[in-house]
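Taking it in order: structure first as structure tokens, then the write-up.
Residue numbers begin at 1 in each chain, while the letters A, B, ... track the order of the sequences.
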Amino acid sequence: MSGSQRDLQLKLKSHAAGILLMGAIFIVVVIAIEQRRDEAEDADPRIQAYIDARDIDFANPVDRMLFRETLDLFYPGQTKKNDTLLRSIDDFRQRGFRGPASRTANLPRGLTWTVTGKLMGMYVQFLVVYGVVLCILYFASQRIAIYRFVKMKQGRESYLAESVASLRKFFENVSTQTLKKELPTLASSFGRAILKGAILLICFSPAYVIAYSLKTTLDTSSLVFMIILGVVSNGVLMHTSNRFFTLLLTESRKGYVQTAIVKGLFSSYAWDTSNGIPKRSMWRTRGLLSSHVFQHILSNARFQFIPTLKEHASFLITGLVIIEMALNIQGHLCYELLQQILFRQSDVAGAIVFGIFLVVKGTEIGVDVWYDRERRKYGY
Amino acid sequence: MATDGSVSPTVSGKYYRHKDIVWLTAWIAGMLLLWIWDALFLNKPALVRLQTALVNSAFTGIMVVVLSLLLGWVAGVVLHLLGRSQWKKTFALATLSVNALRSIPQIIVVLIGYAVLTALLHEEIIRSMFVQLLWIAGVIALAVVLEVVDTVNERIEYFRTLDFVDAMLCCGISESRIINVEILWKNSRSHLLHKMIAIFGISIFLQSSIDFIISVGLSTDVSLSNLPLTLGSLLATLDSKQDILAISNILSNPGYLPRLFITHLQGLSVAFCIVFTLLCMFNIANGFQRRLRLT
């Protein structure tokens, strides 16, 4: 067995142990909660007889007073004990009005088969949304990072710097001719700078800010909107693309890049020139960069990007949980989680949390297997 | 054109070299401008609420940074020492627990912490606002502490691969001093500072999100009025929500834009505080990392 296979086996064993550990914790919590719930719902045997008594209406003050006096008559000199008994009866009755059972009304209580079936449907929907968002994120973050990297290598100014330069040129030589020449450049670069700023603000906006600002014009509870929001909001896209950009930058500083350039590989980053970068490679890199040094930088960065998907996946799930909870979308897994916490149905809430934990673990296992396959392919 | 990965000496190039300082200045200037604008156009009670929310959120964020640094430092060092000790089973169990915690999304950890907080408030065990803020900070710190643990472990492991540690051990310096002082304090401060900036941003994000979520109704007994006012809870108020809803008006009626900055100021200011802080913290951390080449 090779070293990488042993590594993978170790990782898989660790994941399995983690799932078992969390599963055990979940089962213990469910059993403990079930026991507590049974105890809470069953009246204390000492007060059960009084609660069941047909002739006493504890909501009626006269009945209560009579009951209290009767207690003093039967158990004289035990005022404190009698008071405690009456308080216990009151507490039990109050729990009936204010407890979780009263809030859930006709909803099935506990982790029954009906509830589990309902949750499974929501879980599958959550998995679909998560899978789609993760795929889009993987693709989009790389494209953004590649664009940023190529632009940086081209030595181009930022849009804001371009507009400042154009403004400076105009003030150096104030004339109608300069104005005519510089105005389109100034308008274009300044407009782009504003647009870039707005896009950045949107990308770093928490999902609920974007959703609420569009709530009156769009259907914010649709799955498509959720997917778009999952990709665009909460800074997920920017964090992921920045990670890939950093990997590209680190790779481009390594010695093999200089060696490859000396060996004659193309190293120009100009768009669509014979030795440069085809613009099409923004969407599809395979076969388009074969004689370019960037192909090697990209392959190595992509290889190192795979394991980082684990942390991005966890953060992405945080974003999706926020979207479902904050937008108050009924029939979604995380909204259900919030409701179950509200109704103090800890076993159902625990099951949902365990389900989400399994999604993260599943992603981690998938990423580890993928990384191992790539590692063997590159002979690491 | 630069080929070694460094940026070319353009205006943008100069900006990239001091990106963290530029963004820190932009953040301070942006918040100051917002305060001046609000002082001019926002009504007094709303301005006071906004200031309180900002102070509470910033305080919680700073506490998260401090707590996660302390907790992460200790946990990271203990994990490392356990890994090199005879107690292999304890180390395996600790690693397993840490990995299990890593697989629970941060927001779920914070949500559970808030559920416990609402229960404690309901039972009147916690009353003081300061303790509530500390509890919130503690819960968020617990959710993000693994980031610090990872950084601490990475740094120690990196120095372990060099002759650095062995040479110091030969000089008779104790292992705990080498790890805590020589590696972490003297040689990893910038790495930890970078992590702290990122954690401050994450804590503002998690805190705002959870406070907003609670507005959907985590407890009917403990409402937002029982919890300290933060940016998230201020954004969750009806006034602020209406202000945010008004943004979509400009899609159908662009002429409404100027009115937005006068009549819907509370919600917009809170949203701006959150979004602008997140954007700036990201860029500060990013610029800091690039300036000091902390990869």
Side-chain angles (χ1 to χ4, degrees), chain A residues 14-15 17-18 21-22 98 103 152-158 161 164-165 200-201 203-209 212-218 234-235 238-239 242 246 249-250 252-253 257-258 261 267-269 314-315 317-318 321-322 325-326 328 335 337-338 341-342 353 356-357 360-361 364, chain B residues 1-8 10-13 15-16 92 95-97 99-100 102-108 111-112 115 201 205-206 208-210 212-213 215-221 232 235-236 241 244-249 251-252 267 271-272 274-276 278-279 282 286 289-290 295:
Chain A
S14 157
H15 289 313
L21 177 75
M22 281 302 285
R98 285 179 26 195
R103 287 182 207 158
M152 187 200 79
K153 284 292 188 180
Q154 287 171 347
R156 278 172 60 185
E157 292 281 18
S158 71
V164 171
L200 273 177
L201 280 177
C203 284
F204 279 96
S205 292
Y208 42 86
V209 174
Y212 269 82
S213 56
L214 295 172
K215 212 165 188 175
T216 51
T217 43
L218 286 174
N234 298 327
M238 299 319 290
H239 276 107
N242 189 57
T246 310
L249 208 60
T250 314
S252 71
R253 286 177 187 149
V257 176
Q258 296 298 327
I261 294 168
S267 60
S268 164
Y269 285 88
S314 182
F315 191 63
I317 289 184
T318 290
V321 172
I322 289 170
M325 283 183 176
N328 211 347
Y335 177 75
L337 171 63
L338 194 68
I341 293 175
L342 167 66
V353 171
I356 294 172
F357 170 81
V360 182
K361 271 287 171 212
E364 286 177 0
Chain B
M1 187 183 303
T3 51
D4 63 341
S6 62
V7 287
S8 49
T10 55
V11 177
S12 310
Y15 152 75
Y16 275 117
T95 314
L96 195 67
S97 312
N99 285 340
R102 197 191 302 279
S103 300
I104 303 174
Q106 292 164 337
I107 196 80
I108 302 280
L111 189 67
I112 293 168
F205 171 70
L206 286 175
S208 307
S209 302
I210 208 78
F212 194 87
I213 286 170
S215 75
V216 178
L218 187 61
S219 165
T220 45
D221 304 316
L235 189 68
K241 275 183 185 165
I244 300 294
L245 282 168
I247 295 177
S248 57
N249 280 355
L251 293 176
S252 53
F272 179 80
I274 296 172
V275 176
F276 192 59
L278 295 179
L279 172 66
F282 171 80
N286 198 7
Q289 183 188 30
R290 211 155 289 161
T295 46

Side chains of [X] and [Y]: does their closest heavy-atom pair fall under 4.5 Å?
| X | Y | value |
| --- | --- | --- |
| Leu235(B) | Tyr208(A) | yes |
| Gln106(B) | Phe315(A) | yes |
| Leu111(B) | Val353(A) | no |
| Val275(B) | Pro206(A) | yes |
| Leu201(A) | Leu279(B) | yes |

*Does Asn242(A) have any side chain to side chain contact (heavy atoms under 4.5 Å, CB included) partners at least two apart in sequence or in another chain, and if so, which?*
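With sequence neighbours excluded, Asn242(A) shows a side chain to side chain contact (heavy atoms under 4.5 Å, CB included) to Arg148(A), Phe245(A), Thr246(A), Phe282(B), Asn286(B), Arg290(B), given in chain and number order.
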*Side chain, backbone, both or neither of Val209(A) within contact of chain B (heavy atoms, under 4.5 Å)*: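 Both parts, backbone and side chain.
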*With a 4.5 angstrom heavy-atom cut-off, which part of Leu214(A) approaches chain B: side chain, backbone, both or neither?*
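Answer is both: backbone and side chain atoms of Leu214(A) are under 4.5 Å from chain B.
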*asked:* Among Ser252(B), Gly201(B), Ala100(B), Ser209(B), which residue has the highest count of heavy-atom pairs closer than 4.5 Å to chain A?
replied: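 Highest number of heavy-atom pairs under 4.5 Å: Ser209(B).
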*How far does CD1 of Ile341(A) sit from CD1 of Ile108(B), to the nearest 0.5 angstrom?*
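Atom-to-atom, Ile341(A):CD1 and Ile108(B):CD1 are 7.5 Å apart.
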_Within this structure, what is the CD1-CG distance for the pair Ile322(A) and Leu206(B), rounded to the nearest 0.5 Å?_
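CG of Leu206(B) is found 6.5 Å from CD1 of Ile322(A).
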*Under 4.5 Å from a heavy atom of chain A, the part of Ile274(B) involved*: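 Side chain of Ile274(B) only, per the 4.5 Å heavy-atom cut-off to chain A.
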*How would you list, by chain and number, every residue that makes a salt bridge (Lys or Arg N to Asp or Glu O under 4.0 Å) with Lys361(A), sequence neighbours excluded?*
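Partners of Lys361(A) under the salt bridge (Lys or Arg N to Asp or Glu O under 4.0 Å) test: Glu364(A).
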*If you look at every heavy atom in Ile104(B) and Phe357(A), which pair is closest and at what distance?*
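Minimum heavy-atom separation between Ile104(B) and Phe357(A): CG1-CD1, 3.9 Å.
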